[in-house]
Asks: 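Dropping the structure in here first, questions after.
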Amino acid sequence: MGSEVKWLSKKETEGWKDPKKWCDFHQDIGHTTPDCRGLRYEVDYLLKRGHLRELLSERGRAIWEKRKVDDPEALPPPPPVTQTYCVISGGSEISGLSHTSAKKHEKEAANPATRMAQSLGIFTNQVANINLKRILIDNGSSANVLFLAAYEGMDLDETLILWKSTALIGFNGEVSHSVGEVVLPIYALGLNKQTRFSVMDSPSAYNAILGRPWLHAIRAVPSTYYQILRYPNNNGVREILGDQHSSRSCYKTTMRSKGE
């Protein structure tokens, strides 16, 4: 393999080393080649970069291919972000109905204690090639929703939408109808998930709502109290953090423009 391998130099270790145990990788005594952890790390490194695959057994190839699914380094990189979409309009009893109250509400978000006490469950994720802000994570929703105004603001091709109506129960208990469905990829660390959205043509304080279908698909556990969404993969537990301060800052700007 030549320079592709990180050939390790001999290590001067303290204490007694078993002279009967020889490591071909380190060219030193103390442990055997099959027990060498450094060699295992190096083989793993090379496999990730496409080397040594021809030496694997059929069972080994099957195990490696299955492992790659949850390996963030093995996933194809997401497309580059071309823009950030963030639209916030209207007022609320939480944020206040004036620029002064919204400004005060923004400053409160900088205080960690206040941030945990007043969580809104709002996150930012890359959807397709857009960094989409103001996404509500709602484990009480049985559908993923993308609002038509946000879709149009993202400059995505409308031919991707399957124009068909589906009945949904809204926040006020009344039955609303979607205008169509669209499947878009959602990217995060170690995550590349094709997600089906119901497209709604109605005003909303949010750009999108991610409900139980998406949360179940990535095995996620959301905490609106701590503004964290956690999901597992083979490399451990990943996190998506809430973006409450940015949301309040945008809200303050909106209220100031309304006042002017």
Side-chain angles (χ1 to χ4, degrees), residues 72 75-90 92 95 106 109 115 119-162 166 168 170-171 176 178-218 220-224 227-231 238-254 257:
L75 291 173
V81 175
T82 59
Q83 62 174 300
T84 297
Y85 186 80
C86 178
V87 172
I88 301 175
S89 60
S92 72
S95 303
E106 179 202 10
R115 180 181 179 184
S119 59
L120 299 177
I122 299 172
F123 294 76
T124 299
N125 259 347
Q126 182 179 343
V127 180
N129 61 339
I130 308 297
N131 197 31
L132 186 63
K133 290 181 176 288
R134 197 114 179 131
I135 299 175
L136 175 66
I137 305 296
D138 184 8
N139 57 6
S141 175
S142 61
N144 303 312
V145 177
L146 180 62
F147 292 93
L148 184 60
Y151 187 90
E152 293 172 344
M154 294 163 69
D155 292 329
L156 298 175
D157 190 349
E158 290 195 9
T159 60
L160 297 176
I161 298 178
L162 175 62
T166 303
L168 297 174
F171 298 113
S176 303
S178 66
V179 297
E181 291 183 352
V182 66
V183 177
L184 297 172
I186 295 180
Y187 300 97
L189 183 62
L191 173 67
N192 181 348
K193 189 66 179 176
Q194 295 290 329
T195 304
R196 185 179 302 277
F197 290 93
S198 295
V199 181
M200 297 292 295
D201 186 11
S202 61
S204 173
Y206 307 104
N207 292 320
I209 298 173
L210 290 175
R212 289 197 303 271
W214 183 74
L215 294 171
H216 178 78
I218 68 169
V221 178
S223 172
T224 54
Q227 290 276 297
I228 292 177
L229 177 71
R230 289 181 173 174
Y231 56 95
R238 304 295 185 181
E239 293 183 349
I240 302 176
L241 300 179
D243 194 12
Q244 188 176 129
H245 186 266
S246 295
S247 297
R248 294 185 182 188
S249 179
C250 291
Y251 177 84
K252 181 192 70 174
T253 302
T254 300
S257 63

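In this text, all values refer to a predicted model and were calculated from it rather than measured experimentally.
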Asks: Only one of D138, N139, I137, N144 clears side-chain contact (heavy atoms from CB on, under 4.5 Å) with S141; which?
Replies: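 When side-chain contact (heavy atoms from CB on, under 4.5 Å) is applied between S141 and each of D138, N139, I137, N144, only D138 qualifies.
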
Asks: Determine the minimum heavy-atom distance between R212 and S142, stating which atoms define it.
Replies: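 Closest approach of R212 to S142, heavy atoms only: NH2-CB, 3.3 Å.
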
Asks: Could you check whether atom CZ of R196 has more than 12 heavy atoms from other residues, nucleotides or ligands sitting under 6.0 Å from it?
Replies: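 Atom CZ in R196 is not crowded, with 12 or fewer foreign heavy atoms closer than 6.0 Å.
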
Asks: Can you tell if the side chain of L191 reaches within under 4.5 Å of the side chain of R238, non-hydrogen atoms only?
Replies: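 A side-chain contact under 4.5 Å is absent here.
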
Asks: Where is the tightest heavy-atom contact between Y206 and F147, given as atom of each residue plus distance?
Replies: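 Closest heavy-atom pair between Y206 and F147: O-CD1, 3.4 Å.
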
Asks: When you compare the side chain of L210 with that of I186, does any pair of heavy atoms fall below 4.5 Å?
Replies: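 Yes; the side chains approach each other to less than 4.5 Å.
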
Asks: Donor-acceptor pair, S178 side chain versus T166 backbone, under 3.5 Å?
Replies: yes

Asks: Which pair of heavy atoms, one from K133 and one from N207, lies closest together, and at what distance?
Replies: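 Result for this residue pair: O-ND2, 2.7 Å.
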
Asks: Test your reading of the model: is there a side-chain donor-acceptor pair from Y151 to the backbone of D157, 3.5 Å cut-off?
Replies: yes

Asks: Using the side-chain contact (heavy atoms from CB on, under 4.5 Å) rule, take L241 and I228 through it: C-alpha gap first, then chi angles, then the decisive distance, then the call.
Replies: CA-CA 5 Å; L241 300 179; I228 292 177; 3.6 Å; yes

Asks: Would you say L156 and N129 make side-chain contact, with heavy atoms under 4.5 Å?
Replies: yes

Asks: Does T124 reach the side chain of N131, with side-chain heavy atoms less than 4.5 Å apart?
Replies: yes

Asks: Would a distance-only check, ignoring hydrogens and angles, find a side-chain to backbone donor-acceptor pair under 3.5 Å from Q126 to A128?
Replies: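 A pair under 3.5 Å: yes.
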
Asks: Identify the heavy atoms of Y187 and N125 that sit nearest to each other, and give their distance.
Replies: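 Nearest pair, atom of Y187 first, then N125: O-OD1, 4.1 Å.
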
Asks: Donor-acceptor pair, distance only, cut-off 3.5 Å: does the side chain of T195 make one with the backbone of K193?
Replies: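 Indeed, once roles are kept as given, a pair shorter than 3.5 Å links the two residues.
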
Asks: Determine whether I135 and I209 make a side-chain contact, defined as any pair of heavy atoms from C-beta on separated by less than 4.5 Å.
Replies: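 Not in contact.
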
Asks: Grab the two heavy atoms, one from L229 and one from F123, that are nearest each other, plus how far apart they are.
Replies: N-CE2, 3.9 Å

Asks: Of all the heavy-atom pairs spanning V81 and I130, show the shortest one and how long it is.
Replies: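 Smallest interatomic distance, heavy atoms only, reads CG1-C, 4.5 Å.
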
Asks: What's the spacing between L184 CG and Q194 CD if we round to 0.5 Å?
Replies: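 If we round to the nearest 0.5 Å, L184:CG and Q194:CD are 8.0 Å apart.
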
